[in-house]
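To start, the structure itself, in structure tokens.
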Amino acid sequence: MSSRQIKTQSSGGPDSELPTPRHFFASDDTALLSDVDVFDESAPPSSLWREAGRKLVRQPKFIVSVLLIAVILLAVAWPTLFTKVPKNSCDLSKSLDGPSAGHPLGFEKLGCDIFSRVVNGARPSVSVGVLTTLLVVIIGGLIGALAGWYGKWVDALLSRITDIFFALPLVLAAIVFLQAFGQRGGFLGVFSVVAVMAAFGWPQMARITRSAVLAVKNSDFVTAAKAIGVSRGKILLKHAMPNAAAPMIVTATVSLGTYIVAEATLSFLGVGLPITTRSWGWQISDAKTMLRTAPEVLLWPAAALALTVLAFIMLGDAVRDALDPKARR
Amino acid sequence: MGWYIGRRLLQMIPVFLGATLLVYAMVFLLPGDPIVAMFGERQVNAAVANQLRAQYHLDKPFIIQYLLYLKGVVTGNFGMSYSGRPVSQIVAQAYPVTVKLAVMALCIEAIFGVVLGVIAGLRRGGWFDSTALVLSMLLIAVPTFVMGFVLQTLLGIKLQWLPVTVGGEVSVKSLLMPAFVLAGVSMAYVLRLTRNSVAEVSTADYVRTATAKGLSRHTVVTKHILRNSLIPVVTFLGADLGNLMGGAIVTEGIFNVPGVGNALYQAILKSEGSTVVSLVTILVLVFIIANLVVDLLYAALDPRIRLV
């Protein structure tokens with residue numbers, strides 16, 4: 001976007017050839033710096049987000065993923081909307097029975113309804129993914145922003161700490177840590193998985209935030225804000241962070257999917273969520289010994305897991321396409 | 001350039017110390033007494049136990065244990081496992097297998113990812129492009145262990161094309177299926193990266209100029225588009241080698257590959273501090289050095305980038 005275009009805030013439709021200028025700004029040489037700053041503070045982010053929103057709703061990828069995520073979130077919040085069968089009602093006499101009325105996917109080894117288990121598995125799996133992503137955005141965003149913004153020794157120190165955690169593979173570190181904590185039941189069990197995944201997942205977010213903040217640190221509008229005496233902390237919050245938000249959102253959406261997979265991997269290895277939560281990873285792990293005789297018991301939770309991850313990756317992809325300045329034409 | 005490498009090598013020291021300290025602390029916190037576990041069903045002999053504790057420095061405070069371990073590493077002595085094997089022997093046995101597996105996976109993801117990505121990028125918007133993008137997303141979404149089990153059952157047990165597990169026989173054929181499973185997710189990333197990079201470079205001014213001055217499509221693609229668009233792909237592949245080696249723990253478990261992941265998992269279950277830390281330390285070193293090489297490669301491939 002050239003500087004000329006920034007000067008006028010167009011309100012015309014997306015297809016109008018020459019946008020009708022509504023607000024006029026004085027040319028560079030006569031404008032008060034404070035006016036320039038007032039403009040910069042609100043206009044470019046809002047136009048970026050508005051244009052991104054317009055592009056988003058036109059993408060089939062976005063619509064499909066949002067619909068999928070809406071269904072998944074419904075299952076997370078109210079599983080009884082989809083199945084009336086309670087999650088722990090199992091009948092051994094029905095072991096490995098095929099589908100029947102009211103039980104569309106049949107039964108697993110212990111005679112539990114597969115459909116009910118898959119629907120109820122959404123809550124632990126998705127909530128671990130969402131909570132981990134939230135923690136990662138907070139920790140990684142904070143550390144990355146401070147490192148990028150303050151530079152010098154702050155950057156050197158924080159970047160080395162980031163490197164240390166980045167160099168340890170997530171699953172590997174999580175296995176050692178969760179072994180050390182031991183399996184806990186209930187909320188504590190869920191929290192320790194979330195905490196460990198966040199503890200080794202934040203470096204990527206920190207690096208992305210840092211480079212985004214570094215990129216805007218030397219831009220003209222930051223220099224202008226500094227020149228009129230806005231405090232450094234306020235510039236970071238009001239000018240640098242909104243510009244770093246786009247890459248952060250994209251990374252967060254895509255990594256939400258990968259955290260759900262990571263939780264499943266840990267549960268599969270026996271160090272993840274407590275058994276009582278019956279997450280998808282645990283269900284897959286439970287069914288693996290019978291893959292040859294009863295593959296559907298493994299395939300349904302795996303399909304639910306894959307579909308959920310797919311929905312979040314697709315959403316991240318759509319958001320990236322909409323926010324990428326290179327793709328804006 | 002020399003200064004840059006020197007500074008990067010110096011920066012590796014705190015990362016190395018921090019990562020090893022972190023892993024050592026985690027292993028120190030593992031529950032259970034490994035010395036008591038060594039006695040198995042028998043009565044614990046206090047004198048023998050104390051002797052063993054002294055031998056493995058387990059009677060000293062945590063930080064002294066760590067420093068003694070570091071001293072050993074610097075002098076080339078990685079210590080002994082609790083079963084009496086030198087750790088260096090375990091490392092020497094496990095690493096070649098995992099390196100072989102990771103390199104095979106890297107080749108697979110490079111070949112399939114780049115070829116399919118280039119085709120998709122050159123025909124962006126077409127049916128091949130859309131199919132490749134959807135398939136790559138599916139590949140990312142299906143967890144590695146599900147893919148492993150399904151392939152193992154299909155190709156190994158039902159069709160009997162490939163060996164079901166690796167076990168003692170480490171050959172290219174037996175590692176083929178694990179390598180494919182390990183490469184899966186990265187292959188999808190390589191495909192998408194290549195596709196986006198090719199699509200972006202295809203719209204560059206110099207490509208239009210090359211076409212306008214009458215070069216054949218073949219020359220434009222090979223000399224102008226590919227050379228420029230593969231730079232980020234090469235760097236991704238370089239950095240991925242470390243990820244593949246560290247991420248092989250699940251794949252090695254499914255296919256019973258006697259590599260680092262397996263050795264590590266056994267050592268974690270037995271709370272063998274020095275073995276876990278030594279195996280992880282080398283993984284961390286591979287990761288850091290691979291990243292340094294990638295950064296140098298980046299500057300070598302793209303003359304616009306200066307390392308200072």
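In what follows, chains carry the letters A, B, and so on, assigned in the order in which the sequence lines appear, proteins first and then strands, with residues in each chain numbered from 1.
Contacts between A:Leu299 and chain B at a heavy-atom distance below 4.5 Å involve the side chain alone, from C-beta outward. Proximity to chain A (any heavy atom under 4.5 Å) is shown, for B:Val142, by both the backbone and the side chain. Both the backbone and the side chain of B:Val150 come within less than 4.5 Å of a heavy atom of chain A. Proximity to chain A is absent for every atom of B:Phe16, based on heavy atoms less than 4.5 angstrom apart. In this structure, chain B has a heavy atom under 4.5 Å from the side chain of A:Ile284, while its backbone stays farther away. Contacts between B:Phe287 and chain A at a heavy-atom distance below 4.5 Å involve the side chain alone, from C-beta outward. When heavy atoms are compared at a cutoff of 4.5 Å, B:Leu17 does not approach chain A at all. Using a 4.5 Å cut-off between heavy atoms, A:Ser285 does not touch chain B at all.
Residues A:Val171 and B:Ile249 meet the side-chain proximity criterion, which asks for heavy atoms closer than 4.5 Å. The closest side-chain heavy-atom distance from A:Lys61 to B:Met137 is below 4.5 Å. Contact check for B:Asn243 versus A:Pro169: no side-chain heavy atoms found under the 4.5 Å cut-off. A heavy-atom distance below 4.5 Å is not found between the side chains of A:Val254 and B:Ile140. Using a 4.5 Å heavy-atom threshold, the side chains of B:Arg192 and A:Asp317 count as touching.
Heavy atoms only, all atoms of each residue included: B:Pro14 and A:Arg160 are closest at CG-CD, 4.0 Å. Considering every non-hydrogen atom in both A:Phe268 and B:Val250, the closest pair reads CE2-CG1, 4.3 Å. Smallest separation of non-hydrogen atoms from A:Ala306 and B:Ala141: O-CB, 3.3 Å. Residues A:Phe165 and B:Leu22 share a closest heavy-atom pair of CE2-CD2, 3.8 Å. The heavy-atom pair separating A:Leu305 from B:Pro143 by the smallest distance is CD2-CG, 3.1 Å.
When A:Val261, A:Val176, A:Ile175, A:Leu307 are compared by the number of non-hydrogen pairs under 4.5 Å with chain B, A:Val176 comes out ahead.
Remark: B:Phe145 CZ to A:Thr265 OG1 distance equals 5.0 Å, nearest 0.5 Å. Once rounded to the nearest 0.5 Å, the distance linking CG of B:Leu264 with CG of A:Leu172 reads 5.0 Å. Atom-to-atom distance recorded for A:Leu310:CG and B:Leu139:CG is 11.5 Å, nearest 0.5 angstrom.
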